[in-house]
> 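One structure coming up, written as structure tokens, with questions to follow.
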Amino acid sequence: MAWAGWRFSAADDPMPVLAVPHSEKAPQRTDLSEKDRRRVADVVRPTHDFSRPEPFEAMAGGAGTSTAKPDRAGLTHPAGNLDGGGEESFRLGSALFEKLWVSSPSSTQASDGLGPLYNARSCETCHIRDGRGRPPAGAAGSPSLVLKFSFPDTLRSGAGGDPVYGRQLQDSGVPGLPAEGHLALRYEELLVTLADGERVSLRRPVYGIEGLSYGALDSATRLSPRLAPPMTGLGLLEAIDVADILAHADPDDRDGDGISGRPSWLAPGASGAPVLGRFGWKAQAATVRAQAADAFATDIGISTPDDMRSHGDCTARQPQCLAMEDGVQERLGPSEAPDPVLDLVAFYARHLAVPARRNVAAPAVLKGKRLFSDSGCTSCHVPKFVTRRDPTSPSTAFQLILPYSDLLLHDMGEGLSDTVPASAPGSTDEAKPLPGEWRTPPLWGIGLAQTVDARAGFLHDGRAQTLTEAVLWHGGEAQAARDRFVSLDAADRRALLAFLESL
Ligand code: HEC
Ligand code: HEC
């Protein structure tokens, strides 16, 4: 056997994201009969008739879609098909989502355990009215833009993150403990001229950190800013069958359309099989519950039965942080937030309703829908799925939904890459999301984003202030679609935007 030099292969992969070979034969759903499978295939087939809305199109979130007034509370409603018990859990979960945690020791003992290092005291602080976060404006910081740290895993085993600062920059500490530092952000202007002469100014962010309190970052640490995404329809995304997601994957671009789409395989779960990541901007979490447990520990500094870090994101090299009192109380259980806090918060996050579409039959919206399809946007923003049959979750089971996402990772080009310091040693972690790779975000509810919060930002770091800016940042696999958008005349562009606003 001749050695042609060491090559990366999936078998050697020590990383949490596994490269699972693309199989020739697509896996099939096991929850459906052959007849149902054909019915589902018919229902999700892309439409070619843009003269009228499709049946049920307005009910983008299936049976639980909210038809409440599309106002600033438009993303806060429970799925309309919860039973009495479900509504009760939703209400309790909602209170916990808004609850402000306090530092230990406190007089209200069931709420303490905050930090010691943290970014915000409640989930709601970042996921504003259950919608997305806002980027910082001027000198004022914004908790909902979080600076994550990643570290080439080839150099160190473990959960990733900076050796001193951990997984992310915490810009708050409990009394007596200095915050880690503060995000410093400035924007450079980038002018883009569209085909019809209209000029659009884009903001290119430049990230730094001010006032690092615990020494320098490791020279290999990468910065990855992330804005809090909206909480819309998450239980429905969880209910999409893996086979239906893999059906859209084309990692080697065999069909030659310039768009690949890679599933985000995570390290084996309890069953021993790799699990598919769906949540977070890089599809790095498999379930809403896993993401919620991580948020409790890393963003707020509260331990839960699924993540027992009662000192949150403190590392061994932050002894002062580790020495602070935590909020664990023996009589309530071994974690700061005992059962059923995580259950209820996860239930809540899984059952926030998708808002009903507005104006689906308006001529401009239908024209925009056609242009969205003709421009190739639907190659990644896949319109339709039918969720799994699942007797354990009837409110999300077996429904036609229109999330406009494939939940796959795509290379979006250099303009959207996370910052990689020049000093980063060459890493071989090909299976991990690359700097420019992002999960296609679902677009349902996006038309209400700035109704819910006028300062809501678009894209993974909120740099885009308008939907037009968001599209203009598309590059890499989405370059051709972006170029088609640029070449539209003003009326067509307005129609495409009217379609996005109707989502
Ligand atoms: C400091 C701000 C902040 C706080 C507090 C916060 N989050 Fe988040 N949340 C984020 C960011 C940023 C992301 C994206 C993470 C990523 O991509 O790495 C996110 C992602 C999520 C997601 C995935 C959504 C999706 O579409 O993929 C869920 C679910 C979530 N958070 C739930 C919660 C819950 C529950 C809490 C409270 C326990 C919470 N978050 C607290 C900032 C926050
Ligand atoms: C190759 C796959 C791909 C194609 C094609 C594509 N997108 Fe996207 N889209 C993405 C990804 C991935 C992101 C997230 C990028 C980021 O945040 O850095 C995104 C983000 C967006 C956002 C912002 C979403 C949010 O929650 O902030 C909008 C709006 C959008 N796309 C619209 C479009 C339109 C319109 C088209 C067609 C002109 C299009 N996209 C084509 C993959 C794609």
Side-chain angles (χ1 to χ4, degrees), residues 93 96-97 99 101 118-127 132-133 142-146 148 168 170-171 224-234 237 258-261 278-285 287-300 302 304 337 341-342 345-346 348-350 368 371-372 375-381 404-406 408-412 415-418 436-443 445-446 449 456-464 467-471 473-474 476-486 488 496-497 499-500 503:
L96 291 164
F97 195 81
K99 178 189 178 84
W101 296 84
Y118 63 97
N119 291 87
R121 291 177 52 206
S122 76
C123 310
E124 180 86 13
T125 309
C126 297
H127 299 279
R132 60 186 67 219
S142 171
S144 46
L145 182 62
V146 173
K148 301 264 176 199
Q168 75 191 30
Q170 275 92 17
D171 56 6
S224 181
R226 313 269 175 100
L227 190 73
M231 305 294 292
T232 310
L234 301 184
L237 298 176
I259 295 179
S260 39
R278 313 173 180 225
F279 299 103
W281 287 101
K282 289 196 188 270
Q284 74 277 16
T287 61
V288 173
R289 186 185 169 102
Q291 179 72 39
D294 187 69
F296 267 120
T298 316
D299 297 332
I300 310 181
I302 294 285
T304 58
V341 170
L342 182 59
V345 169
Y348 173 73
R350 294 179 64 242
L371 291 164
F372 186 78
S375 304
C377 310
T378 50
S379 302
C380 304
H381 296 284
Y404 289 95
S405 169
D406 56 8
L408 297 171
L409 295 170
H410 294 275
D411 177 1
M412 296 297 286
L416 287 173
S417 285
D418 330 22
E437 269 189 326
W438 301 99
R439 174 201 71 159
T440 310
L443 298 180
I446 200 166
F458 300 107
L459 298 175
H460 68 266
D461 57 2
R463 69 178 70 184
L467 295 170
T468 299
E469 290 176 36
V471 180
W473 277 108
H474 283 52
E477 294 174 36
Q479 185 70 41
R482 177 250 183 219
D483 292 347
R484 274 176 229 126
F485 177 81
V486 167
L488 297 177
L496 199 153
L497 293 169
F499 165 71
L500 293 176
L503 295 176

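Only this structure's heavy atoms are used, side chains among them; waters, hydrogens and symmetry mates stay out. Atoms within each ligand, like the ligands themselves, are counted from 1 in listed order. Only a predicted model underlies this, so the values are computations on that prediction, with no experimental measurement involved.
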> Mark up the atoms of ligand 2 that fall under 4.0 Å of a heavy atom belonging to Phe372, in ascending order.
34 (C), 35 (C)
> Taking 4.0 angstrom as the limit and counting only heavy atoms of Phe458, give me the atoms of ligand 2 inside it, by number and element.
27 (O)
> Are His381 and Pro442 side-chain neighbours, meaning at least one heavy-atom pair lies under 4.5 Å?
no
> Would a 4.5 Å heavy-atom cut-off, applied to side chains only, mark Leu96 and Tyr348 as touching?
no
> So is Ser379 polar-close to ligand 2, meaning N/O to N/O under 3.5 Å?
no
> Please check: side-chain N/O of Arg439 versus main-chain N/O of Ala283, any donor-acceptor pairing under 3.5 Å?
no
> When you look for heavy atoms under 4.0 Å from ligand 2, do you find them on the side chain of Leu459, its backbone, both, or neither?
both
> Out of His127, Arg132, Gln291, which residue meets the side-chain contact (heavy atoms from CB on, under 4.5 Å) rule with Pro229?
His127
> Residues two or more places apart in sequence or in another chain: which of them pass ring pair (Phe, Tyr, Trp, His ring centres under 6.0 Å) with Phe485?
none
> Could you list the atoms of ligand 2 found under 4.0 angstrom from a heavy atom of His474?
6 (C), 7 (N), 8 (Fe), 9 (N), 10 (C), 19 (C), 20 (C), 21 (C), 30 (C), 31 (N), 33 (C), 39 (C), 40 (N), 41 (C), 43 (C)
> How about Cys380: does one of its N, O or S atoms come closer than 2.8 Å to atom 8 (Fe) of ligand 2?
no
> Short list, please: which atoms of ligand 2 are under 4.0 Å from a heavy atom of Glu477?
1 (C)
> Please confirm whether the backbone N or O of Asp411 pairs with a side-chain atom of Glu477, one donor and one acceptor, at under 3.5 Å?
yes
> Short list, please: which atoms of ligand 2 are under 4.0 Å from a heavy atom of Gly376?
5 (C)
> Which protein N or O atoms sit under 3.5 Å from any N or O of ligand 1? Give each pair with its distance.
{"residue": "ligand 1", "atom": "7 (N)", "partner": "His127", "partner atom": "NE2", "Å": "2.9"}
{"residue": "ligand 1", "atom": "7 (N)", "partner": "Asp299", "partner atom": "OD2", "Å": "3.2"}
{"residue": "ligand 1", "atom": "9 (N)", "partner": "His127", "partner atom": "NE2", "Å": "3.0"}
{"residue": "ligand 1", "atom": "17 (O)", "partner": "Arg226", "partner atom": "NH1", "Å": "3.3"}
{"residue": "ligand 1", "atom": "17 (O)", "partner": "Trp281", "partner atom": "N", "Å": "2.7"}
{"residue": "ligand 1", "atom": "17 (O)", "partner": "Gln284", "partner atom": "NE2", "Å": "3.3"}
{"residue": "ligand 1", "atom": "18 (O)", "partner": "Arg226", "partner atom": "NH1", "Å": "2.6"}
{"residue": "ligand 1", "atom": "18 (O)", "partner": "Gln284", "partner atom": "NE2", "Å": "2.6"}
{"residue": "ligand 1", "atom": "27 (O)", "partner": "Gly280", "partner atom": "N", "Å": "2.6"}
{"residue": "ligand 1", "atom": "31 (N)", "partner": "His127", "partner atom": "NE2", "Å": "3.0"}
{"residue": "ligand 1", "atom": "40 (N)", "partner": "His127", "partner atom": "NE2", "Å": "2.9"}

> Among pairs that include at least one residue of residues 287-296, which meet salt bridge (Lys or Arg N to Asp or Glu O under 4.0 Å), considering only residues two or more places apart or in two chains?
Arg167-Asp294, Arg289-Asp306, Arg289-Asp343, Asp294-Arg309
> Looking only at heavy atoms, is any part of Cys377 under 4.0 Å from ligand 2, and if so is it the side chain, the backbone, or both, or is it neither?
both
> For ligand 2, note which part of Trp473 has a heavy atom under 4.0 Å away: side chain, backbone, both or neither.
neither
> So do His460 and Lys282 actually touch side chain to side chain, heavy atoms under 4.5 Å?
no
> Looking at Arg278 and Leu237, would you say the former's side chain and the latter's main chain have a donor-acceptor pair under 3.5 Å?
yes
> Any atoms of ligand 2 less than 4.0 Å from a non-hydrogen atom of Ile446? List them with their elements.
24 (C), 25 (C), 26 (O), 29 (C)
> Taking only residues two or more places apart in sequence or in another chain, which ones pass ring pair (Phe, Tyr, Trp, His ring centres under 6.0 Å) with Phe458?
none
> Could you check if a side-chain atom of Ile446 sits within less than 4.5 angstrom of a side-chain atom of Tyr404, using non-hydrogen atoms only?
no
